[in-house]
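Heads up, the thing below is written out as structure tokens.
The residues of the chain are indexed from 1 along the displayed sequence. Atoms within a ligand are numbered from 1 in the order they appear, just like the ligands themselves.
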Amino acid sequence: MRNVEHQSTAGSDGILPRISILVVIGFLIGFAGAVAMADDAAEEAIPPEFSGKIMPTGTSDDPKAQVAGKEIYEGKINPAVNCSRCHGSDGKPTKLGKGAPDLSDPTVSKKHSDAQWFWRISEKKAGTTMPSYKDKLTEEQRWHVIAYLRTLAPSGK
Ligand code: HEC
């Protein structure tokens, strides 16, 4: 009985509302997808072995750590470790580092935690040219580099 009533109300004037409902639903699904993707880009899940990593106290503001980080970044400690050839001496990507974010941009710097960057520097990022440095830099050296990176975008932290 309910069925019959339902059918009779969905007469010829029922098509337009139905289409607009579909459009709205389609839009909502698309929107949710876009939000999920934007979230992914903002903060990918850090693997458990890195998510608990914390920069040793005092390192980020320690001028000595920052200088040590700068020397690593510029390839002065180990020529096989030269971040600036891709990230530029100022944090802006070079031709070789195409696709890398501008590390001197405070919004980029703010977007990622120290743990996130520690992970990024430790492990190769699949599908990009960003190499793995866990075998080339000690943990302490990786923190020094991050302390230096934060100085490239002064208000970024
Ligand atoms: C051969 C080029 C290359 C070299 C060398 C390189 N990088 Fe990268 N790096 C990239 C690219 C490309 C990306 C962007 C990856 C992506 O698409 O997410 C990246 C991403 C990063 C990120 C993540 C930035 C963010 O906010 O998403 C950090 C941090 C980083 N690199 C630090 C370093 C450090 C520190 C070194 C040196 C020890 C280094 N990189 C050496 C190419 C390079």
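The nearest heavy-atom contact from the protein to atom 26 (O) of ligand 1 is H112 CD2, 2.7 Å. Considering only non-hydrogen protein atoms, atom 41 (C) of ligand 1 sits nearest to Y133 OH, 3.2 Å.
Atoms of ligand 1 lying under 4.0 Å from any heavy atom of P101, numbered from 1 in the order shown and given with element: 14 (C), 24 (C), 25 (C), 26 (O), 27 (O). Which parts of ligand 1 touch V145 is read off a 4.0 Å heavy-atom cut-off, strictly below it: atoms 35 (C). For ligand 1, the atoms closer than 4.0 angstrom to any heavy atom of V81 are 38 (C). Near T128, meaning under 4.0 Å from one of its heavy atoms, ligand 1 places the atoms 15 (C), 16 (C), 17 (O). Those atoms of ligand 1 that come under 4.0 Å of a heavy atom in N82, given as number and element, are 5 (C).
Within the structure, every pair that satisfies the ring pair (Phe, Tyr, Trp, His ring centres under 6.0 Å) test and touches residues 51-109, not counting sequence neighbours, is listed here: Y73-Y148.
Protein N/O/S atoms closer than 2.8 Å to atom 8 (Fe) of ligand 1, listed by chain and residue number, are H87 NE2, M130 SD.
Heavy atoms of I146 come nearer than 4.0 angstrom to ligand 1 in no pair at all.
In terms of heavy atoms, P93 sits closest to A100 at CG-O, 3.2 Å. The minimum heavy-atom distance between R142 and K134, with the atom names listed, is NH2-O, 3.5 Å. Minimum interatomic distance between L103 and A153 (heavy atoms only, all atoms of both residues): O-CB, 3.6 Å.
Without hydrogens or angle criteria, Q141 side chain to T138 main chain gives a donor-acceptor distance under 3.5 Å. Proximity of a side-chain donor or acceptor of R150 to a complementary backbone N or O of S109 within less than 3.5 Å is detected. Remark: the backbone N or O of H144 is not paired with any side-chain donor or acceptor of Q66 at under 3.5 angstrom.
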Inset, instruction - Assess whether side chain to side chain contact (heavy atoms under 4.5 Å, CB included) is satisfied between S113 and I46, documenting all intermediate values. - result: CA-CA 10 Å; S113 63; I46 307 176; 4.0 Å; yes
Report all side-chain donor-acceptor pairs from residues 76-86 shorter than 3.5 Å, counting only partners two or more places apart or in another chain.
from, atom 1, to, atom 2, distance (Å)
K76, NZ, E74, OE1, 2.9
N78, OD1, A80, N, 2.9
N82, OD1, S84, N, 3.1
N82, OD1, S84, OG, 2.8
N82, OD1, R85, N, 3.1

Using distance only, find each side-chain donor-acceptor pair of residues 49-59 under 3.5 Å and give its atom names and separation, not counting sequence neighbours.
from, atom 1, to, atom 2, distance (Å)
S51, OG, P48, O, 3.3
K53, NZ, E139, OE1, 3.2
K53, NZ, E139, OE2, 3.0
T59, OG1, P56, O, 2.8

